[in-house]
Amino acid sequence: AEKQKFCCVCGDSKEVGENHLFTCKGHGCDVIVHRACYGIVSVPTGLWFCRKCESQERAARVRCELCPKKEGALKRTDSGGWAHVICALYIPEATFGNNRTMEPIITSKLPKEKFAKPCYICEEAGLETQATHGACMGCHKSNCRMAFHVTWYMLVCLLFYGRHVSVLVVQWPSC
C-alpha cells in the first residue's frame with residue numbers, strides 16, 4: 001500500500017476539488033503541499049519542484065529566517081533569504097508580497113521583539129543555540145509568556161492533538 005501523503009503546510013491529506021497534493025521531485029526533497037497551501041497558481045505538466053529545489057541553491061545555505069529548520073515548504077523572502085510558508089502564516093506580522101502565489105514572504109517588517117524571544121521548546125530540548133534563531137510566536141493566553149518557533153509548535157500539536165490546530169487560537173497545550 002502507498003504511504004499516505006500529508007501537506008507540509010496544513011498537515012491534511014485530503015484533496016478537495018482542484019486542491020491537489022503536489023510532491024516535489026527534487027533529489028532527497030520530501031516536500032508535499034496542497035496547491036492552495038503553497039500558492040501554486042497553474043497546475044504544472046510533468047514533474048513539480050518546490051521553490052528551494054527549483055532554485056538549485058546549495059541546501060546547506062537554505063535556512064528559514066523565522067525558525068531553525070532547513071527542510072519543509074519554503075519560499076523566498078523579500079530580503080532574498082528563505083522562510084516556511086507555515087511560519088509566515090502563523091506570525092501575524094509576516095505577509096506575502098502576492099497573496100495568490102504566496103511569495104515573496106515579507107519578513108522585513110517584523111518587529112525586532114519577535115526575534116528577541118527565545119523558543120521555549122528549543123530551550124526545553126537543550127537546543128539553546130537554536131532557541132534564539134528566527135522569530136517566535138507567543139501563546140494566545142493573555143497571562144502566558146511562552147514563545148516558540150512555529151515549526152516546533154506544529155510538531156507538538158501533531159503529537160499532542162494528533163492534528164494541526166487553528167491559526168486563530170495559538171495556545172500551548174498545557175495552558
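Values reported hereafter were calculated over all heavy atoms of this structure, with side chains retained and with hydrogens, waters and symmetry mates removed.
Looking only at distances, a side-chain donor or acceptor of N19 sits under 3.5 Å from a matching main-chain atom of A36. Judged purely by atom type and a 3.5 angstrom limit, N98 has no side-chain atom pairing as donor or acceptor with the backbone of E103. Panel note: side chain D78, backbone T107; a donor-acceptor pair is recorded below 3.5 Å. Here the side chain of H34 pairs a donor or acceptor atom with the backbone of K14 at under 3.5 angstrom. In terms of modelled atom types and a separation under 3.5 Å, the side chain of H133 and the main chain of C64 share a donor-acceptor contact. In terms of modelled atom types and a separation under 3.5 Å, the side chain of R35 and the main chain of H20 share no donor-acceptor contact. Formation of a donor-acceptor pair under 3.5 Å by the E15 side chain with backbone atoms of L21 is found in this model.
Evaluated for a side-chain hydrogen bond (donor to acceptor under 3.5 Å, both in side chains) with E57, the options R76, R51, K52 yield exactly one hit, R76. The salt bridge (Lys or Arg N to Asp or Glu O under 4.0 Å) test with E93 is passed by exactly one of K112, K109, K114: K114.
Residues A83 and I105 come closest through the heavy atom pair O-CD1, 3.4 Å. Between I106 and L110, the closest heavy-atom pair is O-CD1, 3.9 Å. Residue P68 comes nearest to C122 through the heavy atom pair CG-SG, 4.4 Å, listed as atom of the first residue, atom of the second, then distance. Contact between L89 and F96 at its shortest, heavy atoms only, is CD2-CE1, 3.8 Å. Minimum heavy-atom separation, E123 to A131: CG-CB, 3.8 Å. Closest approach of V9 to A73, counting heavy atoms only: CG2-CB, 3.9 Å.
Between W48 and I40, some side-chain heavy-atom pair lies under the 4.5 Å cut-off. Residues I86 and C8 form no side-chain contact, since every pair of their non-hydrogen atoms from C-beta on lies 4.5 Å or further apart. Looking only at side-chain heavy atoms (C-beta outward), L66 and F115 come within less than 4.5 Å of each other. Side chains of T77 and P104 form no contact here, defined as non-hydrogen atoms less than 4.5 Å apart. Inter-residue side-chain proximity for W82 and E65 is flagged as unmet; no heavy-atom pair is nearer than 4.5 Å. For the pair V62/L74, a side-chain contact is recorded, criterion being any heavy-atom separation below 4.5 Å from C-beta on. Looking at heavy atoms from C-beta onward, F148 lies in side-chain contact with C119 at the 4.5 angstrom threshold.
Both M146 and V150 belong to a single network of hydrophobic side chains, linked directly or stepwise wherever heavy atoms of I, L, V, M, F, W or Y lie under 4.5 Å apart. Put simply, Y90 and I121 are part of the same group of oily side chains (I, L, V, M, F, W, Y) that touch within less than 4.5 Å, one to the next.
Relative to the ring axis of Y38, K75 places its NZ or CZ within 45° and under 6.0 Å from the centre.
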